[in-house]
Amino acid sequence: MTDIPRRAVSRTAKLAALPLGFAGRTVLGMGKRVTGLASDVISAEIQQRTAEQLFSVLGQLKGGAMKFGQALSVFEAALPEEIAAPYRQALTKLQEAAPPLPAASVHKVLAEQLGPDWRDLFVEFNDTPAAAASIGQVHRARWREPGFDESGVPNSRDVAVKIQYPGAGEALLSDLKQLSRLGGMFRAIQPGLDVKPLLVELRERITEELDYELEAESQRAFAAAYADDPEIYIPKVVNAAPRVLVTEWVTGTPLADIIREGTEEERDEAGRLMATLHLSAPQRAGLLHADPHPGNFRLLPDGRLGVIDFGAVARMPEGTPEPIGRIAATALRGDADEVVAGLRSEGFIGSAEEIDAEGVLDFIRPMLEPIAADGFRFTRAWLRAEAGRLASPRSPTYQLSRQLNLPPSYLLIHRVTLGSIGVLCQLEARAPYRSILERWLPGFAPVA
């Protein structure tokens, strides 16, 4: 058996073992239930052991498992603190850590994608990866530019060379198929957390993320939209092939480091810049950056936010849908009937569905607390409280939510917004978010 099939069998075995271990702990813990939201299903001890096994296995995997772990990690702020705290570091490592591809394999991919004389394109190439992620790894190099300097040294510039793992597509599909069996485990960690839509969306976006030429096209559009911007920095694309992408190197502090040890001022500013990027990109670039996990962002020495991955984007040529801003502003003004009318027109409420308008307003307004005033500090405690309010089967909010739909056209926007909020809560950032919405969100009139 070759190394690749052996690794595939090992990966599948690890994933397949997760539900079995979970089932065994569930049986052992049936007599240990305690009160509280999560404990309606399972004891705190079982929650913690389940989380430990889940995050441990995800942390060892590439492909779909690691990509899923990255997507999930932005929501760790919503998990109960006694579960999230021991594994926060492991979750953060998922965003930038993976076993490296051997140098010989790297050279083979470069020769296939850039030609047999690929070394002539570089003045220097570091075989040790600078970073690794779910479907590829990044090497630092110096790209050869035309001409020489006064000393006869070839002109060059620092670049990041992203190289896709051979067989990444097959691994992604295989891992995501296995992960679809784990829904029960995530409900054990946080009842009400449904991972199936996330898995479906990840599967749908695999083809795009595997195409580095398509990513290069998206990055060029972002770079053009934010050229010379004083707040957002998008590195230029230098060269692209289907499985190799060369871009300008970005030097800065990873957002994960700021989350872990940044000052309050750094965390607040990072949150403001993240919100600015998320809300302004559809209007400026006709695109939405759809992968808001901390590994994709750097705070540069000059204060700008550097963005380094454009594999997952949503094409929004007409910008953010105007009803989002209009309905949010209407809810803040307290017009329950108008809110219901707006939601019904967009498909969030069935055309024939009888619904309590004031109940809908009560459902929505706590979610809009971050923009009810011009300054708001996102916190893990706030997000956990909101998650509990929405997830508890005993709450009126939960019952009302069963009457609401999420139209397919809003699924990606909804997921990216939740992911961005998760990062802001990890940062515990305070910023004037309402002002950012007033500038960039269509339909969101200034609120008195």
Side-chain angles (χ1 to χ4, degrees), residues 2-4 7-8 11 60-67 69-70 93-145 156-175 202 205-220 223 234-251 254 291 293 295-298 306-313:
T2 66
D3 286 345
I4 292 176
R7 286 197 297 269
R11 177 171 60 244
Q60 299 174 43
L61 302 174
K62 290 184 184 179
M66 187 176 176
K67 179 159 287 297
Q70 290 174 343
K93 285 181 179 179
L94 279 171
Q95 294 157 358
E96 293 191 346
L101 196 65
S105 299
V106 169
H107 298 167
K108 183 178 179 181
V109 174
L110 288 168
E112 290 172 349
Q113 299 294 302
L114 301 181
D117 298 326
W118 65 269
R119 287 188 180 276
D120 294 341
L121 300 173
F122 299 94
V123 173
E124 298 174 11
F125 185 90
N126 191 335
D127 284 340
T128 302
S134 53
I135 63 174
Q137 62 191 41
V138 177
H139 292 254
R140 188 166 186 171
R142 290 196 65 81
W143 183 262
R144 188 182 299 275
E145 298 284 345
S156 61
R157 56 173 156 167
D158 283 335
V159 293
V161 184
K162 185 158 73 168
I163 299 166
Q164 190 175 121
Y165 299 128
E170 293 84 352
L172 278 165
L173 290 169
S174 173
D175 287 352
L202 286 173
R205 308 199 79 79
I206 283 175
T207 302
E208 289 190 4
E209 293 200 43
L210 290 170
D211 186 346
Y212 283 1
E213 289 178 316
L214 184 61
E215 178 177 347
E217 180 184 319
S218 300
Q219 185 161 342
R220 289 188 183 102
I234 312 296
K236 292 183 173 65
V237 174
V238 177
N239 201 333
R243 292 201 289 128
V244 171
L245 178 61
V246 184
T247 64
E248 292 178 326
W249 182 265
V250 178
T251 299
D291 195 4
H293 77 74
N296 288 337
F297 304 96
R298 303 282 186 270
V307 190
I308 61 173
D309 193 303
F310 297 86
V313 301

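Numbers for residues simply follow the sequence, beginning at 1.
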What's the separation between atom [atom1] in [X] and atom [atom2] in [Y], rounded to the nearest 0.5 Å?
X: Thr247; Y: Asp309; atom1: OG1; atom2: CG; value: 9.5 Å
X: Arg157; Y: Glu248; atom1: CZ; atom2: CD; value: 5.0 Å
X: Gln113; Y: Leu245; atom1: CD; atom2: CG; value: 11.0 Å
X: Ile308; Y: Trp249; atom1: CD1; atom2: CH2; value: 8.0 Å
X: Asp120; Y: Leu114; atom1: CG; atom2: CG; value: 11.5 Å
X: Glu124; Y: Arg144; atom1: CD; atom2: CZ; value: 10.5 Å

Can you name the closest pair of heavy atoms from Val161 and Ala141 and give their distance?
CG2-CB, 4.0 Å
Which atom pair, heavy atoms only, marks the closest approach of Ala240 to Ala216?
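Scanning both residues, the minimum pair turns out to be CB-CB, 3.6 Å.
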For residues [X] and [Y], determine if any side-chain heavy atom of one lies less than 4.5 Å from a side-chain heavy atom of the other.
X: Pro129; Y: Leu101; answer: no
X: Arg140; Y: Asp158; answer: yes
X: Trp118; Y: Val244; answer: no

Not counting sequence neighbours, which residues clear side chain to side chain donor-acceptor pair (under 3.5 Å) with Thr128? List them please.
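Thr128 satisfies side chain to side chain donor-acceptor pair (under 3.5 Å) with no residue once adjacent residues are dropped.
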Closer than 3.5 angstrom, by distance alone: can the side chain of Asn296 be matched with the main-chain N or O of Asp291 as a donor-acceptor pair?
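Yes; at least one donor-acceptor contact below 3.5 Å.
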Please check if the side chain of Arg298 supplies one atom and the backbone of Gly295 the other of a donor-acceptor pair under 3.5 Å.
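Yes: the side chain of Arg298 pairs with the backbone of Gly295.
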Please enumerate all residues that pass side chain to side chain contact (heavy atoms under 4.5 Å, CB included) together with Glu112, with sequence neighbours excluded.
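Side chain to side chain contact (heavy atoms under 4.5 Å, CB included) list for Glu112, sorted by chain: Lys108, Arg243.
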Here's a test for you: under side chain to side chain contact (heavy atoms under 4.5 Å, CB included), which of Gln219, Glu217, Glu213 qualifies with Val237?
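For Val237, the side chain to side chain contact (heavy atoms under 4.5 Å, CB included) test succeeds with only one of Gln219, Glu217, Glu213, which is Gln219.
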side-chain hydrogen bond (donor to acceptor under 3.5 Å, both in side chains) partner of Lys162, chosen from Glu215, His139, Gln137
Glu215
In terms of relative ring orientation, are Phe122 and Trp143 parallel, tilted or perpendicular, with 30° and 60° separating the classes?
perpendicular
